[in-house]
Trainee: 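Mind looking over this structure? Questions follow.
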There are 2 protein chains.
Amino acid sequence: MKKKVVIVGGGFGGLKAAKVLADYPDLVEVTLVDKRNYHLFQPLLYQVATAGLSPADIAMPIRNVLSDAKNVTVYLEEIKSVNIAHNSLETTGVSAKYDYLILACGATHSYFGKDHWEEFAPGLKTLEMATEIRRRILMAFEMAEKEADENIKSEWLTFVVVGAGPTGVEMAGAISEIARQTMEADFRNIDPNKTRVILVEAGPKVLASFNEELSLDAKKDLQHLGVEIMNQTMVTDINATGVALKLPDGKEERIKSRTVVWAAGVKPSAINSTLGVPLDRAGRIIVTKHLSLEAAPNVFVIGDQAHFEEEGGRVLPGLAPVAIQMGAHSAKNIIRMIKGEKVREFKYLDKGQMATIGRKLAVMEFKGLKARGTFAWLAWLFVHVYYLIGFKNRLFVLMQWTWSYLTFSRGARLITKKNWQET
Amino acid sequence: MKKKVVIVGGGFGGLKAAKVLADYPDLVEVTLVDKRNYHLFQPLLYQVATAGLSPADIAMPIRNVLSDAKNVTVYLEEIKSVNIAHNSLETTGVSAKYDYLILACGATHSYFGKDHWEEFAPGLKTLEMATEIRRRILMAFEMAEKEADENIKSEWLTFVVVGAGPTGVEMAGAISEIARQTMEADFRNIDPNKTRVILVEAGPKVLASFNEELSLDAKKDLQHLGVEIMNQTMVTDINATGVALKLPDGKEERIKSRTVVWAAGVKPSAINSTLGVPLDRAGRIIVTKHLSLEAAPNVFVIGDQAHFEEEGGRVLPGLAPVAIQMGAHSAKNIIRMIKGEKVREFKYLDKGQMATIGRKLAVMEFKGLKARGTFAWLAWLFVHVYYLIGFKNRLFVLMQWTWSYLTFSRGARLITKKNWQET
């Protein structure tokens with residue numbers, strides 16, 4: 001009798017788990033549930049937001065990825081709750097029983113309780129948000145082009161990015177490049193040098209998770225691109241015409257800007273609170289060394305949704321390599337349990353980290369090695385193309401990048417409407 | 001003193017006019033106004049609706065196309081009214097004076113007074129409508145995959161296309177191919193042979209503007225792909241669960257379907273009625289042999305917006321080659337007027353017509369020559385790639401098509417949400 005495994009989420013972790021379980025068609029029957037029909041390559045989402053790539057370049061239909069995995073059935077459903085005592089879960093459409101469950105629901109962005117900021121400062125978590133940010137950035141230049149009032153014009157030409165982690169750094173660098181390189185020839189009434197890109201960060205450094213030296217390098221590279229960096233600065237309010245800030249010296253300042261991008265907080269899926277299991281302060285589910293729940297050894301939680309503490313106390317960050325390794329490990333542990341073998345503890349094999357800042361500008365670190373500049377940038381390109389799912393996506397992204405590199409242009413500068421009935 | 005020319009619309013006609021006028025920087029200062037920031041290659045819009053291409057593949061920022069045309073300024077504005085007595089026009093943002101005006105506002109789809117049908121049967125005129133249709137088609141398969149009730153499942157697997165002109169034929173053929181070729185491996189609970197694609201046409205033939213023989217060929221090709229054709233059938237109602245029809249024998253029939261696509265009527269821009277000049281029954285502006293208004297020789301109307309009667313009485317159809325030739329001609333007539341030369345009459349150089357039905361299936365006619373099958377299909381591919389604007393778009397579309405041809409897959413199978421704040 002085959003065991004029923006349900007995987008919730010088709011991100012890096014869930015997809016990897018499904019692929020591993022696909023090798024055991026005689027042992028498991030797998031159902032993968034996701035509220036989207038596609039796997040999204042989130043590390044490149046900022047490229048959609050900055051008109052470099054199209055949504056389809058970084059997304060792949062989950063059922064297409066799992067086309068050959070005949071023991072896996074994919075359903076487009078959103079999870080509502082999990083009952084670990086009854087081995088059952090509820091989605092928007094159905095309720096289902098499972099023998100083993102893998103939760104890989106990821107995370108979304110958090111406004112630290114100020115959810116009304118979202119309207120004025122979209123975060124970068126979904127394709128729709130990315131195209132909305134793209135719409136806002138491109139629209140700002142269009143509005144500036146026809147604005148006669150110099151004050152309002154400069155508000156349209158001021159861009160604020162909140163949060164200087166990898167996403168914020170990538171966004172700020174890309175917006176600055178758009179203004180200074182891509183757009184110059186196309187506008188008649190805009191001086192690219194009057195564009196301001198301001199990166200606001202509550203902490204003392206950009207790319208705080210990186211080594212001190214690389215963090216400083218990244219700062220210099222950003223400044224070289226014309227990005228103004230405001231460290232130890234808190235956002236106290238955001239509305240349609242700008243951001244209110246609290247500066248390091250405690251003074252208040254208002255930046256007038258019509259385009260704000262949120263790249264700060266992250267919060268886990270809302271499902272977490274339905275399980276009745278311990279969560280960490282950030283709301284993530286605390287898992288055992290085997291990636292399962294203390295209260296239910298047949299329930300695994302992986303990726304951004306999980307709080308996993310390494311030997312020595314470090315909690316693993318929300319990175320793709322972490323999710324992928326957890327996906328593979330949880331799937332293998334399930335197979336071990338079915339075979340009556342002993343489950344194994346999860347050990348993260350550190351893949352390092354990297355962030356790109358702009359053309360031939362990037363930083364990376366890997367097992368104590370550090371790199372910066374063209375080499376790091378090429379490594380960044382290579383790794384991101386390599387990990388994209390689907391040969392076709394790899395090929396087309398590589399071609400888009402080659403094209404952009406040679407021509408200084410961006411291929412997806414479309415301002416699309418929010419509503420399909422709007423003409 | 002340079003003359004001020006305003007062009008409204010960056011479609012085939014308006015863009016061509018701008019390019020011609022760009023060659024006379026000493027004579028004219030040009031403003032091009034469009035409510036979109038991109039030129040859309042409408043003949044390939046159905047490929048976005050059927051997940052074959054991405055929006056950015058068939059759209060190009062207008063200001064980028066006109067980057068080198070230094071005497072052309074582009075504004076993202078929507079036109080509200082034209083006052084031909086005062087040589088002025090009003091847009092959403094500004095009012096402007098002109099010496100010469102070219103109206104190239106195109107057309108939108110018409111529901112013959114039943115505008116409430118739009119919600120249930122989107123037309124195919126904008127990128128947003130194309131991605132909405134894509135969403136509905138892909139969602140129908142997702143819903144069918146998880147539906148236990150066989151009756152409802154068959155409603156999800158029934159697709160109705162209204163109107164058998166080139167767009168309707170291309171849509172019906174593509175949906176049938178998606179069901180029978182692309183999707184087969186990816187679903188576990190759908191029998192592709194149970195998919196129905198029904199093409200409903202009020203007239204007696206498909207592709208009525210084509211030669212009789214080619215029309216019959218197209219019909220056979222469609223049937224070969226599994227499309228059911230209902231000729232001389234009127235749509236009497238459309239709602240969320242299907243279409244009510246009046247059959248040739250006068251009887252009524254209801255087709256249960258969750259996905260209906262509108263490819264029937266076309267109506268011109270709403271601006272037409274603000275000019276106070278004669279319109280034809282379809283609402284198009286009647287133009288002189290010079291493409292200008294009888295009442296205002298400095299105002300030209302071109303493309304789908306114009307009613308132009310050839311020698312012999314044929315009114316030119318709403319096709320890209322017609323708009324392009326009119327764009328060039330109107331621009332040249334303006335230059336002639338400025339130079340004090342005599343304006344010339346417009347003569348359409350017939351470029352023939354073509355429609356694609358599916359893989360290696362197409363029909364074309366050109367100056368009495370007819371072709372069908374692989375040759376016509378290759379000619380269709382070549383012509384469409386050739387006329388795409390921008391080398392990059394040509395290259396990428398060609399690559400996408402090569403990829404799809406070799407793999408039987410479609411590259412943009414994304415179901416995106418309507419609202420960016422929806423997660």
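What you are looking at is a predicted structure, and each value in this text was computed from that prediction instead of being measured. Keep in mind that the numbers below use all heavy atoms, side chains included, and drop hydrogens, waters and symmetry copies. Convention: sequence-line order gives letters A, B, ...; per-chain numbering from 1.
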Trainee: Side-chain contact, heavy-atom cut-off 4.5 Å: B:L138 with B:M183?
Mentor: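 With C-beta onward as the side chain, the pair touches.
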Trainee: Only pairs of heavy atoms separated by less than 4.5 Å count here; which of B:T182, B:T131, B:L127, B:V72 has the most with chain A?
Mentor: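 Result: the option with the highest number of such pairs is B:V72.
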Trainee: Report which part of A:S54 has an atom under 4.5 Å of a heavy atom belonging to chain B: side chain, backbone, both, or neither.
Mentor: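 For A:S54, the contact with chain B is made by the side chain alone.
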Trainee: Among A:K125, A:E119, A:M143, who wins on heavy-atom pairs under 4.5 Å with chain B?
Mentor: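 Max contact count across the listed options: A:E119.
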Trainee: Could you look at B:L66 and say if it's the side chain, the backbone, both or neither that has a heavy atom under 4.5 Å from chain A?
Mentor: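 Contact with chain A: backbone only.
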Trainee: Could you tell me whether B:E142 and A:R63 make a salt bridge, using a distance below 4.0 angstrom between a side-chain N and a carboxylate O?
Mentor: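 Yes.
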Trainee: Using non-hydrogen atoms only, which part of A:I133 is less than 4.5 Å away from chain B: side chain, backbone, both, or neither?
Mentor: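 Contact with chain B is absent: no heavy atom of A:I133 under 4.5 Å.
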Trainee: Specify which of B:E145, B:K392, B:M60 makes the most heavy-atom pairs with chain A at under 4.5 Å.
Mentor: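 The candidate making the most pairs under 4.5 Å is B:K392.
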Trainee: Does atom NZ of B:K114 have more than 12 heavy-atom neighbours, drawn from other residues, nucleotides or ligands, at distances under 6.0 Å?
Mentor: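 No.
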Trainee: Please state whether the side chain, the backbone, both or neither of B:V65 comes within less than 4.5 Å of a heavy atom of chain A.
Mentor: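 Neither part; nothing is under 4.5 Å.
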Trainee: Using the salt bridge (Lys or Arg N to Asp or Glu O under 4.0 Å) criterion, which residues pair with A:E77? Sequence neighbours excluded.
Mentor: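 Here the qualifying residues are B:K146.
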Trainee: Please classify the contact between B:I415 and chain A as side chain, backbone, both or neither, with a heavy-atom cut-off of under 4.5 Å.
Mentor: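 Looking at B:I415, backbone and side chain both touch chain A.
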Trainee: Between A:N393 and chain B, with a heavy-atom cut-off of 4.5 Å, which part of the residue counts as in contact: side chain, backbone, both or neither?
Mentor: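 Answer is neither: A:N393 stays 4.5 Å or more from chain B.
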Trainee: Answer yes or no on whether A:R413 is positioned over the face of B:Y38, meaning its NZ or CZ is under 6.0 Å from the six-membered ring centre and within 45° of the axis.
Mentor: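 That pair does not qualify as a cation-pi contact.
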Trainee: Looking at B:M139, B:Q400, B:R135, which one has more heavy-atom pairs under 4.5 Å with chain A than the rest?
Mentor: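 Looking at each option in turn, the highest pair count goes to B:Q400.
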Trainee: Looking at B:A185, B:G390, B:A69, B:A412, which makes the most heavy-atom pairs under 4.5 Å with chain A?
Mentor: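 That would be B:A185.
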Trainee: If you measure from the Lys or Arg side-chain nitrogens to the Asp or Glu carboxylate oxygens, is any gap between A:E128 and B:K417 under 4.0 Å?
Mentor: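 No, no charged N to carboxylate O under 4.0 Å.
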Trainee: If you count heavy-atom pairs under 4.5 Å between each of A:V74, A:D57, A:L395, A:L76 and chain B, which one has the most?
Mentor: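 The candidate making the most pairs under 4.5 Å is A:L76.
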Trainee: Please flag which part of B:K70 lies under 4.5 Å from any non-hydrogen atom of chain A: side chain, backbone, both or neither.
Mentor: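 Contact with chain A: backbone and side chain both.
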Trainee: Is B:E184 salt-bridged to B:R180, cutoff N-O under 4.0 Å?
Mentor: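 Salt bridge between B:E184 and B:R180, a charged N being under 4.0 Å from a carboxylate O: no.
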Trainee: Does any non-hydrogen side-chain atom of B:W401 lie less than 4.5 Å from one of B:Q47?
Mentor: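 Yes, their side chains come closer than 4.5 Å.
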Trainee: Give the minimum heavy-atom separation between B:N71 and B:E29, together with the two atoms involved.
Mentor: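 Taking B:N71 first and B:E29 second, the nearest heavy atoms are O-OE2, 3.5 Å.
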